Protein chains: 2
Amino acid sequence: MATDELMTRALEMLGDDGPLSVEAIHRLTDLADVPESMTIAEVADLLDISPHTLRYYERAGLVEVARDGNGHRVYDAQAVRRLVFLTRMRLSGMPMRDLQHYISLVDAGQHTTPERLDLLIEHRDTIRRRIRELTLSLTAVEYKIATYGGSTGPDVQSLDTADRTALPYEPPRRAALPAD
Amino acid sequence: MATDELMTRALEMLGDDGPLSVEAIHRLTDLADVPESMTIAEVADLLDISPHTLRYYERAGLVEVARDGNGHRVYDAQAVRRLVFLTRMRLSGMPMRDLQHYISLVDAGQHTTPERLDLLIEHRDTIRRRIRELTLSLTAVEYKIATYGGSTGPDVQSLDTADRTALPYEPPRRAALPAD
DNA sequence: CTATGGCTTCGAGCGCGCTCGAACGCAAAC
DNA sequence: GTTTGCGTTCGAGCGCGCTCGAAGCCATAG
């Protein structure tokens, strides 16, 4: 129930533009079909990060990865799933520090689930705040775009410029607006 | 018209939590009542950044600021308005580089408005992408929170855990979910 | 048999955006 | 007259998250 609702809400947000949504849906869905084991290049490709970064994450203690006969990394399904999670968290702005803490809790065992939940909830709230911040900035930028131009305004016609009437009438330089 | 619409949309987003909205609305509205001139401390306070950062922005060529008899900075209304803008752009993730470029266009005169508009539009799209990214991550985190716990789940009851029925029934360790 | 290519480890380096410290100046308060 | 406090300039340093390069190993291709 809640899940469907969440998914739906998220997918609704995508409607507008194309490029992102493809990888994005990928990220949401490919938890299902993770191969038995993968090479570093394959994982890097999957997560759209560099092998360097993958090695860096391992050095940072975020995942343990087995080696094959040649000493090459072999990522099992669990490691990949963890990396999907980690990548998502990084992408949404969780610091390495916190991720290291979280992982240490995971490795510490079942009894740490409450604390892990706290961390997740905290991060959720951080994301929400950030979205609100960005939405506000977006509004400001949209406003600026809409009221931009005055004398010169080639792209502006496509936007609603009617509300410039609310401003002091002064074609070349606006008065109540930032001078830029 | 469009303005009201934008504002309304932005303000709608705030409803939930308190702390951010206060400063946020501030940022949107205080363009109106900017004093004649301000000290560095006052501006720093207004923008919620450090005097150090203000000096840094000046060194970076983003604003010119006059000095008084003692060599102290005197921010006039125009400088403050520009800094409000700059701070907003920084907050929404525009790199210093781009801001420097933008400001150089502003200082180059009226004929650069089309290019400035391009930059603004580009940044608007960047913000939109970022919001969609974050919304997706948010959904993932919310999903994880909702399906978390299993045996141990004190905070989980407050959330809808009904859809765990969609997962393989396995109390202590989940199967189809990331093992963390 | 030698390339070529992809992997390994290790430590160093980098780009970004601040952030700070040192050494100093001026002015009002005690 | 000294102390307190806020400002100045300048250059260096820092925290973050990668990112890269060197030197070497191994396997397959030509």
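Predicted model only: the values in this text are computed from it and were never measured.
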S.K.: My understanding is that only residues two or more places apart in sequence, or in another chain, count here; which of them pass side-chain contact (heavy atoms from CB on, under 4.5 Å) with His72(B)?
M.R.: Asp68(B), Asn70(B)
S.K.: Between Arg129(B) and Thr126(B), is any side-chain donor less than 3.5 angstrom from a side-chain acceptor?
M.R.: yes
S.K.: Quickly work out the Arg90(B) CZ to dT19(C) P distance and round it to whole Å.
M.R.: 10 Å
S.K.: For every nucleotide of nucleotides 21-28 of chain D, 5' to 3': is a protein heavy atom under 4.0 Å from its base (B), only from its sugar-phosphate (S), or from neither (-)?
M.R.: B----SS-
S.K.: Side chains of residues 58-67 of chain A: which donor-acceptor pairs under 3.5 Å do they make with residues two or more places apart or in other chains?
M.R.:
unit_1   : atom_1 : unit_2   : atom_2 : d
Glu58(A) : OE1    : Arg67(A) : NH2    : 3.4
Glu58(A) : OE1    : Arg73(A) : NE     : 2.5
Glu58(A) : OE2    : Arg67(A) : NH2    : 2.1
Arg67(A) : NE     : Val65(A) : O      : 3.4

S.K.: Quickly work out the Asp98(B) CG to dG17(C) C1' distance and round it to whole Å.
M.R.: 14 Å
S.K.: Starting at atom CE of Met94(A), determine the distance to atom C1' of dC18(D), rounded to an integer number of angstrom.
M.R.: 19 Å
S.K.: Sort out for me which residue in Leu138(A), Leu134(A), Ile131(A) forms a side-chain contact (heavy atoms from CB on, under 4.5 Å) with Arg130(B).
M.R.: Leu134(A)
S.K.: Could you please name the option among dG7(D), dC18(C), dT19(D) that lies closest to any side-chain atom of Ile40(B)?
M.R.: dG7(D)
S.K.: Return the nearest nucleotide to the side chain of Met96(A); candidates are dC7(C), dC18(D), dT8(D).
M.R.: dC18(D)
S.K.: So, is Arg73(A) near the phosphate of dC7(C), with a side-chain N or O under 4.0 Å from OP1 or OP2?
M.R.: no
S.K.: With nearest nucleotide decided by heavy atoms, which residue, Ser50(B) or Ala41(A), maps closer to the 5′ end of DNA chain C?
M.R.: Ala41(A)
S.K.: Rounded to whole Å, how long is the line connecting atom CG of Leu86(A) with atom C1' of dC18(D)?
M.R.: 15 Å
S.K.: Tell me, please, which residues at least two apart from Asp45(A) pass side-chain contact (heavy atoms from CB on, under 4.5 Å).
M.R.: none
S.K.: Rounded to whole Å, please give me the gap between CG in Leu54(B) and P in dT9(D).
M.R.: 13 Å
S.K.: Name all residues meeting the side-chain contact (heavy atoms from CB on, under 4.5 Å) criterion together with Leu119(B); count only those two or more places apart in sequence or in a different chain, and write none if there are none.
M.R.: His101(B), Tyr102(B), Leu105(B)
S.K.: Expressed in angstrom and rounded to an integer, what is the separation of Glu42(B) atom CD from dG5(D) atom P?
M.R.: 19 Å
S.K.: How long is the line joining CG of Asp45(A) and P of dG6(C), in whole Å?
M.R.: 12 Å
S.K.: Got a sec, which residues hit side-chain hydrogen bond (donor to acceptor under 3.5 Å, both in side chains) with Ser104(B), two or more places apart in sequence or on another chain?
M.R.: none
S.K.: Among residues 56-68 of chain B, which contact DNA chain D at a heavy-atom distance under 4.0 Å?
M.R.: Arg59(B), Arg67(B)
S.K.: Look at all strands and tell whether Pro95(B) reaches a base, only sugar-phosphate, or nothing, counting heavy atoms closer than 4.0 Å.
M.R.: sugar-phosphate
S.K.: Go through the structure and list residues passing side-chain contact (heavy atoms from CB on, under 4.5 Å) with Thr39(B), not counting sequence neighbours.
M.R.: Ala41(B), Glu42(B)
S.K.: For residues 112-137 of chain A, which residue pairs pass the ring pair (Phe, Tyr, Trp, His ring centres under 6.0 Å) check, not counting sequence neighbours?
M.R.: none
